[in-house]
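One is the number of the first residue; the rest follow in order along the sequence.
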Amino acid sequence: MKFLLLVCLLATYAGFSQPNNFKCPCSEIGIDSLWADSNKVSCYLIPVQRDVSKKSSGKFNLAVLVAPAVLKTNETPLLYLHGGPGIATLENVPRYLKSKTWDLLRQERSLVFFDYRGTGVSEPVLCPDIQDSLAELERKNVSAQEIQAHKIELYKKCRMQLLSGGIAVSSFNSFQLAQDAESIRKALGIDKWNVYGVSFGTTVALNLLRSNGQHINAMILDSPFPPNAPWLDFVRPFATSFKVLEEKIAGDPAAFSRFPSVRNDFVKAVERLNNVPTMIKINDSGKEYPYTGNDFAWSIWNALLKPAAIPFVPLALNEVANGNDSVLSKWAVAFSNPNSFGKFSELQSKAILCYEGKPKTEADSKTSLLSQYPDFASFNIDFEGELCAAWQPETAAMQAFEPVVSNVPVLILSGEYDPVCPPLFGEITAKTLSRSTFINIPAASHAAIHVDDCIRDVATVFLKHPAKKLSFACVKDRPRINFITGNLPGALTNIKGK
């Protein structure tokens, strides 16, 4: 296998112009060989600088997959930048390539995917025994306080281990990930590429645009989270999304008659389950787990991410607020899986969020948010606390949060229900991108490109002709969300897999 890494192989995809020395068997990066061969994908282990600010810091190998265009064209390759942070990419690729969106995008252009450093099969592996240690402690039925104290010690120990090996936790940040992408472009011999980023991936994309915009032909920012986002928390974006939900219900006489106060239902359900958690089964093991109000709140957050699930969010809130816990096992399976978007590395996620997500002002603090938004306290994540102090006490310099200025063509997509990156973030992103087009998509949510053929077609036309004025007629004609008023178990069955 080592010999294969030294073989000079000429890339044959459109837009690839230089020999490449980093090709490897796809099985080496966790991709099934038979699937790889049948889909004609190529796999790579590409070395990148551990820390671009320290040239002598050594290298990490990043796992990269390239899916060639279906048709023979001269279209510019497209880089995909995953959301998160902390989520692996490559394990999702077989599923992605079967989807309508990626099948369409792949027809005329090669697609480039990679696992961010510290996720999936890219180096480094971040103290993998921590989760096993925590799981073992949880099985002993110790208190949440004891688990958290143990977790902090494990993270502190991991930080010291990494530092002793020459790995700085501060090297896990959106700027460094952008530089990793640039190193991949060079290694693959790509002169210019298009870039698609979603959620946190848009932060990486914008940093790439800031530092290496001359190598970007066009960019799609889906559900953007710009470096200059006004909020670094989860509370205010959810509050914005919930307000949209309330307004849409108020404008629907049948739904409003059935659900006159979804906010009261939300507060009542969360409070009830926090006071007395219900025991539920979430897998086939038969074991029951306590399900709290905070768990339920985050499941609502997850449901609002999916346009197909939004129609029955009011019914779920109403049912659980009124004590119907019989649906919670099925609900939890549908909307509480932390790995539903890909294998999750909490350590990589915390490294980035603690570095870039600490409050900038008093209004951003946990105490202030709790005072301003008491109904949504479940989303008040503490980036000021002991865990961040132990794992990543450093904070990004203020210039990291400056708006990105560019004249590269950019298409910005936002979904009106998005509880993570609300349309306000899209508007802010567009202000300093002189050739940007912003679309606030009705009845859509996070990762809005996937919502229907209309948006997919708009995105495809943009990538093919980034300077061309786009038509949004189909966007304006999108149907509204129709809220259901009964049979929640049936609705959950129908939503499976969507």
Geometric class of the Y96/H82 ring pair [parallel <30°, tilted 30-60°, perpendicular >60°]: tilted
S349 side-chain N/O to P85 backbone N/O, donor-acceptor pair under 3.5 Å: yes
Side-chain donor-acceptor pair present, S170, Q392, cut-off under 3.5 Å: no
N92 side chain to A88 backbone, donor-acceptor under 3.5 Å: yes
Spacing of I216 atom CD1 and L209 atom CG [to the nearest 0.5 Å]: 5.0 Å
Distance in Å, D295 CG paired with I300 CD1, rounded so as to fall on 0.5 Å steps: 12.0 Å
Short side-chain donor-acceptor distance under 3.5 Å, N294 and T292: no
Sub-6.0 Å ring centroid separation between F425 and F225: yes
Side-chain donor or acceptor of S299 paired with backbone N/O of F296 under 3.5 Å: yes
Side-chain donor/acceptor of S143 to backbone N/O of E146, under 3.5 Å: yes
Candidate pair N207 and S174, rule side-chain hydrogen bond (donor to acceptor under 3.5 Å, both in side chains), full reasoning: CA-CA 7 Å; N207 274 293; S174 57; 3.1 Å; yes
Sidechain-backbone polar pair: E91 side chain, K343 backbone, donor-acceptor under 3.5 Å: yes
Side chain E402, main chain M398, donor-acceptor under 3.5 Å: no
Test of ring centre spacing under 6.0 Å for Y196 and W102: yes
Test item: N318 side-chain N/O and P314 main-chain N/O as donor-acceptor pair under 3.5 Å: no
Backbone of L105 reached by a side-chain donor or acceptor of R109 within 3.5 Å: yes
Pair D452 + R478: basic N to acidic O under 4.0 Å: yes
Enclosure of K151 NZ (heavy-atom neighbours >12, cutoff 6.0 Å): yes
Exercise: do H446 and S199 side chains pair donor with acceptor under 3.5 Å: yes
Pair W298 + F234: ring centers closer than 6.0 Å: yes
E362 versus S365, side-chain donor and acceptor atoms under 3.5 Å: yes
Pair D364 + R236, salt bridge at N-O below 4.0 Å: yes
Among R263, K268, K243, salt bridge (charged side-chain N to carboxylate O under 4.0 Å, His left out) partner for D375: R263
Side-chain H-bond candidate by donor/acceptor type, N275 with E271, under 3.5 Å: no
Test item: S257 side-chain N/O and A254 main-chain N/O as donor-acceptor pair under 3.5 Å: no
Side-chain donor or acceptor of T240 paired with backbone N/O of P422 under 3.5 Å: no
Given I428, L413, I412, the one that forms side-chain contact (heavy atoms from CB on, under 4.5 Å) with P224: I412
Approximate separation, where rounding is to 0.5 Å, of C454 SG and I439 CD1: 8.0 Å
Ring centre gap for F376 and F266 strictly below 6.0 Å: yes
D325 vs R272, salt bridge (charged side-chain N to carboxylate O under 4.0 Å, His left out): CA-CA, chis, key distance, verdict: CA-CA 11 Å; D325 292 343; R272 182 177 69 78; 2.5 Å; yes
R106/D103 under salt bridge (charged side-chain N to carboxylate O under 4.0 Å, His left out): CA gap, chis, key distance, verdict: CA-CA 5 Å; R106 188 187 177 188; D103 179 65; over 6 Å; no
Under 3.5 Å side-chain donor-acceptor pair for S414 and N440: no
Y291-Y289 aromatic ring centre distance below 6.0 Å: no
Neighbour count above 12 (heavy atom, 6.0 Å) for K360 NZ: yes
Any side-chain donor near an acceptor of the partner, R258 and T485, under 3.5 Å: no
